[in-house]
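In what follows, chains carry the letters A, B, and so on, assigned in the order in which the sequence lines appear, proteins first and then strands, with residues in each chain numbered from 1. No experiment lies behind these values; they were computed from the predicted model shown.
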2 protein chains.
Amino acid sequence: MASEEKAPRPLGDLERLVMEQLWAAPGALTVREVHEQLSLTRELAYTTVMTVLDRLAKKRLTERERDGKAWRYRAASPREELAADLMRDALDRAGDRREALVRFVGQVSDEEAALLREALARLEEREG
Amino acid sequence: MASEEKAPRPLGDLERLVMEQLWAAPGALTVREVHEQLSLTRELAYTTVMTVLDRLAKKRLTERERDGKAWRYRAASPREELAADLMRDALDRAGDRREALVRFVGQVSDEEAALLREALARLEEREG
DNA sequence: GGTTATCTACGACGTTACGTAGTAGATGCT
DNA sequence: AGCATCTACTACGTAACGTCGTAGATAACC
């Protein structure tokens, strides 16, 4: 149950890029690996990536494990989970939930509406 | 459709309080009116409220119209609309929308799930 | 075992958002 | 004219974040 919430600050641009690397990778990545990936597109100091990864860990968005003298980072939860959390959060801030949900479904594409129905149906059959 | 966007920064605490005043009011409010309301709970300088209202206007969250020498502010869109926008935004940032939606409906309360179904049903009957 | 390559830890600086407020000048009431 | 009221503009402190540098630990190398 959620109640009194600390709104999760949306990630900064670099933080998001780094998270995307982690989400895209099959396993945990070292600072160097993330740095190398990002270096394909932009120039960043190794320590910059390290700092970002470190801050993300402090925010509990990543977890890390030792691998020799280096750390390996991985996303603490899947990208879709974070998205769902943010959606929940937004809903929690709405005054009238019904109204907010109506507006929300009014904004989504037909395809997304279908996915929503599907998800609800699945939920129903699992819970009765 | 959606792709890379400018994430609407979540409001600061005071900004949120001010928006709530505007959302709660029937019409547009002057700085003084908002200030008086807030003063019931906390102590704030008149100009502080003015600054916040001004910044909210720059962010297009409020609109203002002249009323004599004063400005009257009103929320640019209903609270529920903003919530819906934030939900959309969160969804846009998810990798796999289906997955994100599944997780989202998995998080909502039974009541909210019912509201969602209702909203979807209404949408369907209106659009066919 | 000393040299070299790696890593991490920690600090630092610039920018931007936001909470908070003061001052100056315009505007309007009496 | 004189006072109240309102806006415009400026300012300052804090915190997040982008961005790095330096120092010291550690592992690898010859």
Output, in order, the C-alpha distance, side-chain angles, deciding distance and verdict of side-chain contact (heavy atoms from CB on, under 4.5 Å) for A:Q37 and A:L29.
CA-CA 11 Å; A:Q37 273 306 304; A:L29 301 179; 5.9 Å; no

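At whole-Å resolution of the value, NE2 in B:H35 and C1' in D:dT5 are 13 Å apart. The distance from atom CG of A:L38 to atom P of D:dC20 is 12 Å, rounded to the nearest whole Å. In this structure, CG of B:D54 is placed 14 Å from P of C:dG19, rounded to the nearest angstrom. Taking atom OH of residue A:Y73 and atom C1' of nucleotide C:dA9, one finds them 10 Å apart after rounding to whole Å. Here the P atom of nucleotide D:dT19 and the CG atom of A:L14 are 5 Å apart, to the nearest Å. If you take CG of A:L17 and C1' of D:dT19, they are 14 Å apart, rounded to a whole angstrom. One atom, CG of B:D67, and another, C1' of D:dT5, lie 13 Å apart when rounded to the nearest Å. In this structure, the CD atom of A:E33 is 11 Å from the P atom of C:dT8, given to the nearest Å.
Using a 4.0 Å cut-off, some side-chain N or O of A:R64 falls inside it from OP1 or OP2 of C:dA9. Contact annotation: A:T47 does not reach the phosphate of D:dG21 (side-chain N/O to OP1 or OP2, under 4.0 Å). Taking only side-chain nitrogens and oxygens, B:Y46 comes nearer than 4.0 Å to OP1 or OP2 of D:dT7. For A:R55 and D:dG18, the shortest distance from a side-chain N or O to OP1 or OP2 is not below 4.0 Å. OP1 or OP2 of D:dT19 has at least one side-chain nitrogen or oxygen of A:R42 nearer than 4.0 Å.
Put simply, the side chain of A:R97 never gets that close to the backbone of B:E111: no donor and acceptor are under 3.5 Å apart. Without hydrogens or angle criteria, A:R117 side chain to B:L120 main chain gives a donor-acceptor distance under 3.5 Å.
With distances taken from any side-chain atom of A:A70 to the nucleotides C:dT20, C:dC7, D:dC6, the minimum falls on C:dC7. Side chain of B:V52, nearest nucleotide from D:dC9, C:dT20, C:dC10: C:dT20. Here the nucleotide nearest the side chain of B:L44, chosen from C:dT6, C:dT20, C:dT27, is C:dT20. With D:dC9, D:dT19, C:dA9 as the choices, the nucleotide that has an atom nearest any side-chain atom of A:R66 turns out to be C:dA9. Distances were taken from every side-chain heavy atom of B:K69 (C-beta onward) to each of C:dT27, D:dG18, D:dC9; the shortest belongs to C:dT27.
For B:T51 and C:dC18, a side-chain-to-base donor-acceptor distance below 3.5 Å is absent, hydrogens and geometry of angles not being considered.
Tested against A:R64, the residues A:D54, A:L56, A:L53 include a single side chain to side chain contact (heavy atoms under 4.5 Å, CB included) partner, A:D54.
Residues B:V102 and B:V105 come closest through the heavy atom pair O-CG2, 3.2 Å.
Residues A:Q107 and B:E81 form a side-chain contact, since some pair of their non-hydrogen atoms from C-beta on lies under 4.5 Å apart.
Nucleic acid contact for A:K59: sugar-phosphate only, since backbone atoms but no base atoms lie under 4.0 Å from a heavy atom of the residue. Here B:D13 lies in heavy-atom contact (under 4.0 Å) with sugar-phosphate atoms only. As judged by a 4.0 angstrom heavy-atom cut-off over every strand, B:T30 is placed among residues making no nucleic acid contact.
For A:G68 and A:A45, each mapped to the nucleotide of DNA chain D holding its nearest heavy atom, the one lying further toward the 5' end belongs to A:A45. Nearer to the 5' terminus of DNA chain C, by closest-nucleotide assignment, is the contact made by A:R32 (compared with the other of B:V49 and A:R32).
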